[in-house]
Amino acid sequence: MKNSLIFCFLVTLQFSLADEISYLRYYANEKNFIANVPMKATNRRGYDHLTAYFNDRNLPVKLEYYISNGSLKKREVMEYNSDKVLIQKGEVNSKGEFLKLVVYSNNEPWSIEFQKSNYIDKEEIDFVDQRSTFIIPRGKQVTQIIFETIDGMKYGKIELDYDYLGYLSEERWRALPSGEIIRRFNYKFDLMSNVTQIWEFGKNNELISEVALDMVPADQLYRTPPPRTGNVLDEYDIIRKEIKEKRIISPNNSFIPSTKFDQLVLKSGQSFEVDFIGTNTNGIQFKLLDNNGLLTIPFDNVRSLTSRMGDVIYPEAIEFRKSY
């Protein structure tokens with residue numbers, strides 16, 4: 001449900017940029033772009049360069065990075081507020097789908113909720129002008145949300161895993177740089193009954209809450225007949241009422257799914273169950289199940305790393321997962 005809201009938000013931004021381009025310029029590199037030192041169009045052939053598209057306010061709204069043979073390497077789009085301040089910047093693929101989106105805001109809802117969950121004393125970290133980075137490796141599903149202060153310190157992230165049908169199956173909230181899980185959600189969707197069960201766990205893996213939601217029948221979904229204008233969201237009222245009345249949706253006893261871990265295999269043949277945290281220049285970061293410390297192993301020592309959902313993390317797909 002939450003992932004769908006994110007995706008709708010990304011699509012809205014994508015189409016809002018369609019008609020803003022007024023003119024373009026060419027630059028030899030990012031340094032020249034920042035310094036606003038353009039190059040002639042004829043000089044770009046055979047060299048790495050970037051093309052910047054500007055709107056009628058003389059602000060760059062799209063950047064395209066090309067390599068020397070003319071192939072497109074990366075495309076980025078930007079959005080600004082009325083004061084010409086950058087508020088969002090995203091990398092898109094050839095279909096216009098977002099692969100990465102950075103939101104520059106103190107009011108980004110995911111970051112606010114994370115801060116509430118992990119920090120009591122706000123004086124420890126300055127969240128002013130913080131940024132939230134949404135990672136969408138294949139342009140469809142958000143797999144990570146990374147929170148970062150204005151000075152570049154990453155203070156937390158949310159990891160989202162999906163099952164083979166594409167439904168959200170687990171959500172982990174981690175404090176950084178320790179990698180400690182401070183909040184976790186498990187999801188189970190029943191296709192036969194259209195029931196979604198949600199379990200929430202705390203820092204010590206204790207069960208905090210459990211709820212089951214069913215899909216409202218089509219003839220009961222909207223109390224306000226179409227067309228609906230303004231801030232009318234009947235689905236919210238129905239779900240809220242259902243939870244408040246503690247409606248029994250499923251006659252089956254509740255089942256709390258067990259946590260599965262990532263599988264790390266070394267070139268020596270040793271295999272470990274680990275909690276994969278991320279990567280850096282030194283290698284793969286992880287935590288062992290019986291150790292609270294954050295460990296790092298060089299890439300050269302690793303044969304393979306497979307996620308708890310069965311996805312290949314290393315060697316071939318590590319850029320799609322948690323390397324940001």
Side-chain angles (χ1 to χ4, degrees), residues 3 99-100 110-111 114-115 117-119 125 131-138 141-149 152-164 168-187 199-208 256-324:
N3 188 60
L99 303 175
K100 177 181 178 182
W110 289 84
S111 63
F114 187 93
Q115 293 164 20
S117 300
N118 195 39
Y119 296 98
I125 296 180
R131 67 192 64 178
S132 301
T133 302
F134 296 81
I135 307 300
I136 317 103
R138 295 173 180 84
Q141 296 172 323
V142 177
T143 59
Q144 286 190 86
I145 309 172
I146 303 170
F147 309 112
E148 189 175 352
T149 62
M153 187 191 77
K154 295 178 181 179
Y155 64 87
K157 68 176 176 177
I158 297 175
E159 302 167 350
L160 301 106
D161 289 338
Y162 303 85
D163 62 21
Y164 68 98
L168 186 63
S169 61
E170 185 169 284
E171 182 178 322
R172 295 177 300 279
W173 297 35
R174 294 186 188 272
L176 295 178
S178 68
E180 177 189 6
I181 295 178
I182 62 170
R183 199 175 185 186
R184 180 170 62 86
F185 298 88
N186 282 108
Y187 301 87
W199 295 267
E200 179 183 359
F201 300 87
K203 287 185 177 181
N204 299 317
N205 206 35
E206 73 278 14
L207 180 64
I208 295 177
I256 302 175
S258 59
T259 305
K260 296 180 181 179
F261 294 92
D262 308 308
Q263 300 294 319
L264 175 68
V265 180
L266 306 183
K267 289 185 176 179
S268 63
Q270 292 178 288
S271 178
F272 301 91
E273 285 191 335
V274 302
D275 188 13
F276 173 52
I277 305 300
T279 63
N280 57 26
T281 56
N282 296 322
I284 296 173
Q285 295 177 306
F286 64 95
K287 299 177 76 172
L288 293 174
L289 307 189
D290 55 352
N291 192 326
N292 293 326
L294 185 62
L295 305 175
T296 302
I297 186 170
F299 295 112
D300 292 340
N301 294 347
V302 178
R303 176 181 297 172
S304 67
L305 178 61
T306 306
S307 78
R308 62 198 74 197
M309 300 305 298
D311 299 325
V312 176
I313 299 176
Y314 181 81
E316 59 189 32
I318 200 162
E319 70 275 12
F320 287 134
R321 300 294 298 178
K322 307 169 185 177
S323 57
Y324 294 90

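Since this is a predicted model, take the numbers as computed values, not measurements. Values below: every heavy atom of this structure, side chains too, minus hydrogens, waters and symmetry copies.
- Minimum interatomic distance between Arg303 and Lys267 (heavy atoms only, all atoms of both residues): NH2-O, 3.1 Å.
- Note that CG of Leu266 is 12.5 Å distant from CG of Asp300, once rounded to the nearest 0.5 Å.
- For the pair Ile284/Phe299, a side-chain contact is recorded, criterion being any heavy-atom separation below 4.5 Å from C-beta on.
- Between the CD atom of Gln144 and the CD1 atom of Ile158 there is a distance of 10.5 Å, given to the nearest 0.5 Å.
- Taken from OH in Tyr162 to CD in Glu170, the straight-line distance is 12.5 Å, to the nearest 0.5 Å.
- In this structure, the side chains of Gln141 and Leu160 stay at 4.5 Å or more apart for every pair of heavy atoms.
- Two residues are said to be in side-chain contact when any heavy atoms from C-beta on lie closer than 4.5 Å; Val142 and Ile136 meet this criterion.
- What you find for Ser271 and Val265 is that their closest heavy atoms are OG-CG2, 4.1 Å.
- The distance from atom OG1 of Thr133 to atom NZ of Lys100, rounded to the nearest 0.5 Å, is 6.0 Å.
- Taking all atoms of both residues into account, the shortest heavy-atom contact from Ile182 to Ala175 is CG2-CB, 4.1 Å.
- The shortest side-chain heavy-atom distance between Gln263 and Glu273 falls under the 4.5 Å cut-off.
- Residues satisfying the side chain to side chain donor-acceptor pair (under 3.5 Å) criterion with Gln270, sequence neighbours excluded, are Ser268.
- Closest non-hydrogen pair, Thr143 versus Pro137, comes out as OG1-CD, 3.3 Å.
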side-chain contact (heavy atoms from CB on, under 4.5 Å) between Tyr187 and Asp163, intermediate numbers included: CA-CA 10 Å; Tyr187 301 87; Asp163 62 21; over 6 Å; no
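- Here the closest heavy-atom approach between residue Ser117 and residue Arg183 is recorded as OG-NH1, 3.1 Å.
- Under a 3.5 Å cut-off, the side chain of Asn280 and the backbone N or O of Asn282 do form a donor-acceptor pair.
- A donor-acceptor contact shorter than 3.5 Å links the side chain of Ser169 to the backbone of Asp161.
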Worked check of side-chain contact (heavy atoms from CB on, under 4.5 Å) between Trp173 and Phe185: CA-CA 9 Å; Trp173 297 35; Phe185 298 88; 3.6 Å; yes
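- A heavy-atom distance below 4.5 Å is found between the side chains of Val274 and Leu305.
- Residues Leu176 and Phe147 are not in side-chain contact: their nearest non-hydrogen atoms beyond the backbone lie 4.5 Å or more apart.
- What you find for Tyr155 and Ser111 is that their closest heavy atoms are OH-CB, 3.8 Å.
- Salt bridge present: Glu159 and Arg174 bring a charged side-chain N and a carboxylate O closer than 4.0 Å.
- Note: Lys203 NZ to Arg184 CZ = 15.5 Å, rounded to the nearest 0.5 Å.
- Atom CD of Glu171 sits about 12.0 Å away from atom CD1 of Ile181, to the nearest 0.5 Å.
- Scored by the salt bridge (charged side-chain N to carboxylate O under 4.0 Å, His left out) test, Arg131 finds no partners at all (sequence neighbours excluded).
- Checking each of Leu264, Asp275, Thr279, Asp262 against Phe286 for a side-chain contact (heavy atoms from CB on, under 4.5 Å) leaves exactly one that passes, namely Leu264.
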